[in-house]
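By convention in this document, chain letters (A, B, ...) are assigned in the order of the sequence lines, proteins followed by strands, and residues within each chain are numbered from 1. Scope of the values below: all heavy atoms of this structure, side chains included, with no hydrogens, waters or symmetry mates.
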Number of protein chains: 2
Amino acid sequence: MRNPDPVEKMDQQTPAPEPPEHADRPAPPEPEPSTPGLEADLRVAVGRLARRLRAQRPDTSLSLGQGAVLFALARHGRMTPRALADHEKVQPPSMTRIIGALEERALVRREPHPQDRRQHLVDLTEQGRALVRQDTRRREAWLAQRLAELEPGERETLREAAEILDRLSRS
Amino acid sequence: MRNPDPVEKMDQQTPAPEPPEHADRPAPPEPEPSTPGLEADLRVAVGRLARRLRAQRPDTSLSLGQGAVLFALARHGRMTPRALADHEKVQPPSMTRIIGALEERALVRREPHPQDRRQHLVDLTEQGRALVRQDTRRREAWLAQRLAELEPGERETLREAAEILDRLSRS
DNA sequence: CGGGGCTCATTACTCTTGCTAACGAAATCG
DNA sequence: CGATTTCGTTAGCAAGAGTAATGAGCCCCG
């Protein structure tokens, strides 16, 4: 293990770290969270859901990261590893590893960069493109099944939330 | 829920200086099932958000799993390790480790089970309770800050979504 | 020009976190 | 009382992501 770091005294009521308000703000300053447990609920639910998504990955043995990269390439066209890393908010070495795994499966291909010989361009192969298309409708059974069981209104809520979550995850 | 139509929405917007791709755009079929890319969008966003939540963990060195357990105990009262594992959808050995880490920090305590000497009851200590209270309003700066920047309507959407995501993650 | 400094990708290593397998102790059922 | 089941734990392993260091290549500035 490591240093236990015994929590000795813990300030019970931490004075709120209120950021200084900017003077010219006509709107309500909203210093308190208008949604009480949201932060905790969201954190717990997202963490657990991600864990289950990773675990329940059935047969399409693409990791979450690999799938995300494949989708990003399909949506935005070929990119350098650096651009992919920025997009997915991982460090370059992690992206190197993901690309390596995808390349081993012949789902992506590294092409030389036309102007800069340090860089590569990563692009989908035909097989990669086919997998994305296939997954677009079939994807991973577990989540698709769960989503199918929801009420239409709930799916709609999730659809709006997915866009917000995407922004959150990228900000 | 088999969807027979080829969802083929790949808008090529190549950021690279070399756009001579197969740059034709198939007429947008837009057959629009109930939720087109929801499964993929949600999966990617949840994965990325979980990754960032884990990474951005600032100083309160509680892992996602540890935080979840603390909150579960605060919400539902003391529980056996088995119950906690079921609740958080992890295997018992993982829960053993989480509880061990929390116990080292004196945030939880193991009590003997009154009727069954195989089992324990895990309960929050005063310090654990204080940390939960503190985190309820302070929590992790990163997510709280992001949430605060959202529109009220967006937070409301997330609040509804959080409940749905919780159910999803547990089903 | 040409060198210093930067950027890009990769390698090497570590850490965290979750899993399965196996095990000992205790309850329970026959 | 013995067999079986359940609970928590230990041991070992694998995946995923991060930091540090490295080498190749670009580019600006003197």
If you restrict it to nitrogen or oxygen atoms, what contacts under 3.5 Å exist between nucleotides 19-22 of chain C and the protein, and what is each distance?
from, atom 1, to, atom 2, distance (Å)
C/dC19, OP2, B/Gln91, N, 3.0
C/dC19, OP2, B/Ser94, OG, 2.6
C/dC19, N4, B/Arg97, NH2, 3.0

inquiry  = Quick check against the 3.5 Å criterion: does A/Arg159 have a side-chain atom that pairs as donor or acceptor with the backbone of B/Leu38?
reply    = no
Spacing of B/Met95 atom CE relative to D/dT9 atom C1', expressed in whole Å = 14 Å
key: pair A/Ser63-A/Ile98: side-chain heavy atoms closer than 4.5 Å   = no
Euclidean distance, atom CG of residue B/Leu64 to atom P of D/dA17 [Å, nearest integer] = 13 Å
inquiry  = Without decimals, in angstroms, what is the distance between A/Arg52 CZ and C/dG18 P?
reply    = 13 Å
key: Distance test, side-chain N/O of A/Arg110 to OP1/OP2 of C/dT10, below 4.0 Å   = yes
query = Which pair of non-hydrogen atoms, one from B/Ala72 and one from B/Leu84, has the smallest distance, and what is that distance?
reply = CB-CD2, 4.3 Å
remark   = Heavy-atom contacts, protein to nucleotides 24-30 of chain C, under 4.0 Å, summarised as B (base), S (sugar-phosphate only) or - (none) per nt, yield -BBS---
inquiry  = Test your reading of the model: is there a side-chain donor-acceptor pair from A/Arg155 to the backbone of A/Leu150, 3.5 Å cut-off?
reply    = yes
task = Using a 4.5 Å cut-off on heavy atoms from C-beta on, say whether the side chain of B/His87 contacts that of B/Val69.
result = no
A/His113 side-chain N/O to D/dG25 phosphate OP1/OP2 under 4.0 Å = no
request  = Decide side-chain contact (heavy atoms from CB on, under 4.5 Å) for B/Asp123 and B/Arg129; before the verdict, give the C-alpha distance in whole Å, the side-chain angles of both, and the deciding distance to 0.1 Å.
outcome  = CA-CA 10 Å; B/Asp123 199 3; B/Arg129 216 173 295 275; 4.0 Å; yes
task = Apply side-chain contact (heavy atoms from CB on, under 4.5 Å) to the pair B/Arg110 and B/Glu103, showing each step before the final yes or no.
result = CA-CA 8 Å; B/Arg110 284 184 174 95; B/Glu103 196 177 32; 2.2 Å; yes
task = Walk me through it: do A/Gln119 and A/Arg82 pass the test side-chain contact (heavy atoms from CB on, under 4.5 Å)?
result = CA-CA 9 Å; A/Gln119 307 186 46; A/Arg82 161 68 65 177; 5.7 Å; no
request  = Take the protein atom CD1 of A/Ile99 and the nucleotide atom P of D/dG16, then report the distance between them rounded to whole Å.
outcome  = 15 Å
note = B/Asp86 atom CG is separated from D/dT6 atom C1', nearest whole Å, by 12 Å
query = In whole angstroms, how far is the P atom of D/dA17 from the CG atom of B/Leu53?
reply = 14 Å
key: For atom NE2 of B/His120 and atom P of D/dG8, their distance in whole Å   = 7 Å
key: Test log, rule side-chain contact (heavy atoms from CB on, under 4.5 Å), inputs B/Leu124 and B/Leu131   = CA-CA 10 Å; B/Leu124 289 176; B/Leu131 183 55; over 6 Å; no
query = Between C/dT17 and B/Ser63, is there an OP1 or OP2 to side-chain N/O distance shorter than 4.0 Å?
reply = yes
note = A/Glu111 CD to C/dA9 C1', in whole Å, measures 16 Å
